[in-house]
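Worksheet: one structure, shown below.
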2 protein chains.
Amino acid sequence: MVRQGTRQRILEVAEDLLQHRGWAGFSYQHIAERLGIRSAAVHYHFPSKTDLGVALLRRYRSSFNWWCEQLRQRQAPPEVCLEGFFALERRYMDEGKVCPLGVLGVEAEGVPAAVRDEARLLAGDVLRWLGRVLEQGEAQGVLHVAGTPASHALALMSSLQAGLQLARTLGPEAFYTLLEQQREQLGLSRRRRAALGG
Amino acid sequence: MVRQGTRQRILEVAEDLLQHRGWAGFSYQHIAERLGIRSAAVHYHFPSKTDLGVALLRRYRSSFNWWCEQLRQRQAPPEVCLEGFFALERRYMDEGKVCPLGVLGVEAEGVPAAVRDEARLLAGDVLRWLGRVLEQGEAQGVLHVAGTPASHALALMSSLQAGLQLARTLGPEAFYTLLEQQREQLGLSRRRRAALGG
DNA sequence: GTCTATAGAGGGATAGAC
DNA sequence: GTCTATCCCTCTATAGAC
């Protein structure tokens with residue numbers, strides 16, 4: 001089967017496997033089986049697992065930055081940006097996935113240095129963007145930021161990252177509880193508004 | 001070498017390896033090498049990796065519950081209990097470890113069901129204890145609890161769990177920032193008191 | 001681009017000697 | 001309780017045919 005998009009499809013499957021099974025938990029065979037090809041064909045596109053991991057993380061970054069750019073062009077207000085971010089994480093939750101940065105943090109000592117370096121860049125992008133959104137929201141008076149925008153951004157990301165992991169052990173409520181709590185702290189919660197109004 | 005404590009030493013090494021390399025990232029060989037024995041000897045004590053995992057998680061539980069019992073007997077006030085918990089997590093940080101519940105969350109799909117069940121019990125114990133401490137602290141007016149004690153307990157655990165993971169990617173400051181933020185929210189921060197006083 | 005075939009390493013697990 | 005030896009499997013990676 002000669003397809004020009006195989007490289008992209010490999011990355012799609014690899015992304016899914018990484019967030020379901022972890023770095024050490026997926027192999028070239030797993031990818032090949034899902035695509036109906038042989039593992040040697042995967043090695044043609046990504047000679048080593050390090051190459052695959054680096055490409056995968058660059059793909060996360062470019063996806064995320066493209067998504068941010070879309071919001072920027074639409075001049076989305078800070079609350080909308082945050083709800084968009086929550087929706088991304090919630091989608092991971094619904095698909096049974098965890099955050100890739102959590103995966104690489106947990107398995108860091110078995111992950112090639114080149115892949116860890118890319119993870120650092122991705123974490124930087126996400127935190128920088130979140131920090132700017134919080135800063136804007138605070139300036140506009142539509143969000144309540146605790147501490148500095150940077151430290152609140154870190155708290156936000158941490159809460160959802162661990163929430164996805166704990167949901168696997170304790171059930172989905174763990175994630176939803178944490179998500180709602182983050183909204184409350186930001187002054188975005190419907191429940192809180194209802195409670196204050198009533 | 002005939003030692004009666006080999007079983008315990010295996011569990012100590014396994015605990016260290018789990019928190020450094022993850023579930024899939026450590027093997028009977030790794031354990032054997034560190035103890036100067038053969039992997040077959042490890043299989044004598046724990047026939048399968050599932051047995052080892054279950055024993056390991058029960059050990060975490062009994063250690064934690066023993067630690068809680070010590071605090072209870074000393075009638076430690078809620079603030080002291082929390083600082084003790086922070087010290088445990090900070091110790092993981094200093095040793096380059098991540099939280100075992102984070103490891104099992106990330107790698108859940110490759111972890112035997114029996115081991116996951118034990119992880120659920122451990123998470124329950126920790127959250128129940130944290131929730132009670134927060135409840136007491138709130139009743140005594142020495143801690144500020146956001147939302148319910150149970151949801152705040154979840155937030156506390158999440159923040160530190162993800163903090164340990166992110167520290168591996170972003171450096172130790174990530175963890176310390178999150179820890180200090182949790183203290184501030186609880187009204188335990190020295191910095192905050194200084195700021196309010198000055 | 002994909003295949004078959006295979007090398008070489010490592011992991012989980014067991015049998016049986018000591 | 002620990003050893004040697006071994007089995008069988010999976011994994012990463014490569015060579016070379018098609």
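Below, all heavy atoms of this structure are taken into account, side chains as well, without hydrogens, waters or symmetry copies.
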Taking only the side-chain heavy atoms of [X] (C-beta and beyond), determine which of [options] contains the nearest atom.
X       : options                : result
B/His43 : C/dT2, D/dC3, C/dG12   : C/dG12
A/His45 : D/dT12, C/dT2, C/dG12  : C/dT2
A/Tyr28 : C/dG11, D/dC11, D/dT12 : D/dT12
B/Tyr44 : D/dC11, D/dT2, D/dT4   : D/dT2
A/Ser48 : D/dA13, C/dC3, C/dA13  : D/dA13
B/Ile37 : C/dA13, D/dC3, C/dT2   : D/dC3
B/Ser27 : D/dA13, C/dG12, D/dC3  : C/dG12
A/Ala40 : D/dT2, D/dA5, C/dT4    : C/dT4

Using atom [atom1] of [X] as one end and atom [atom2] of [N] as the other, report the distance to the nearest whole Å.
X       : N      : atom1 : atom2 : value
B/Ile31 : C/dG10 : CD1   : P     : 17 Å
B/Arg7  : D/dT2  : CZ    : P     : 13 Å
A/Ile10 : C/dG1  : CD1   : P     : 10 Å
B/Arg21 : C/dG10 : CZ    : P     : 12 Å
A/Leu35 : C/dC3  : CG    : P     : 10 Å
B/His30 : C/dG12 : NE2   : P     : 9 Å
A/Arg38 : C/dC3  : CZ    : P     : 6 Å
A/Phe46 : C/dT2  : CZ    : C1'   : 15 Å

> Any sub-3.5 Å donor-acceptor pair from B/Lys49's side-chain atoms to B/Trp23's backbone N or O?
Replying inline: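 Between the backbone of B/Trp23 and the side chain of B/Lys49 there is a qualifying donor-acceptor contact (under 3.5 Å).
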> What's the verdict on side-chain hydrogen bond (donor to acceptor under 3.5 Å, both in side chains) for B/Gln185 and A/Gln185, showing C-alpha distance, side-chain angles and the deciding distance?
Replying inline: CA-CA 11 Å; B/Gln185 269 189 25; A/Gln185 269 189 25; 3.2 Å; yes
> So what does A/Phe26 touch, heavy atoms closer than 4.0 Å: a base, only the sugar-phosphate, or nothing?
Replying inline: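 The answer is sugar-phosphate, as A/Phe26 gets under 4.0 Å only of primed atoms, P, OP1 or OP2.
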> How many angstroms lie between atom CG of A/Asn65 and atom CZ of A/Arg128, to the nearest 0.5 angstrom?
Replying inline: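 One gets 8.5 Å once the value is rounded to the nearest 0.5 Å.
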>> Within this structure, what is the CD-CZ distance for the pair B/Glu109 and A/Arg21, rounded to the nearest 0.5 Å?
In response: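 Rounded to the nearest 0.5 Å, the CD-CZ separation comes to 7.0 Å.
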>> Any salt bridge linking B/Asp94 with B/Arg91? Criterion: basic side-chain nitrogen under 4.0 Å from a carboxylate oxygen.
In response: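 Here B/Asp94 does not pair with B/Arg91 in a salt bridge, since their nearest N and O are not under 4.0 Å apart.
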> Under 4.0 Å between a side-chain N/O of A/Ser39 and OP1 or OP2 of D/dT12, yes or no?
Replying inline: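 Looking at the OP1 and OP2 atoms of D/dT12, neither is under 4.0 Å from any side-chain N or O of A/Ser39.
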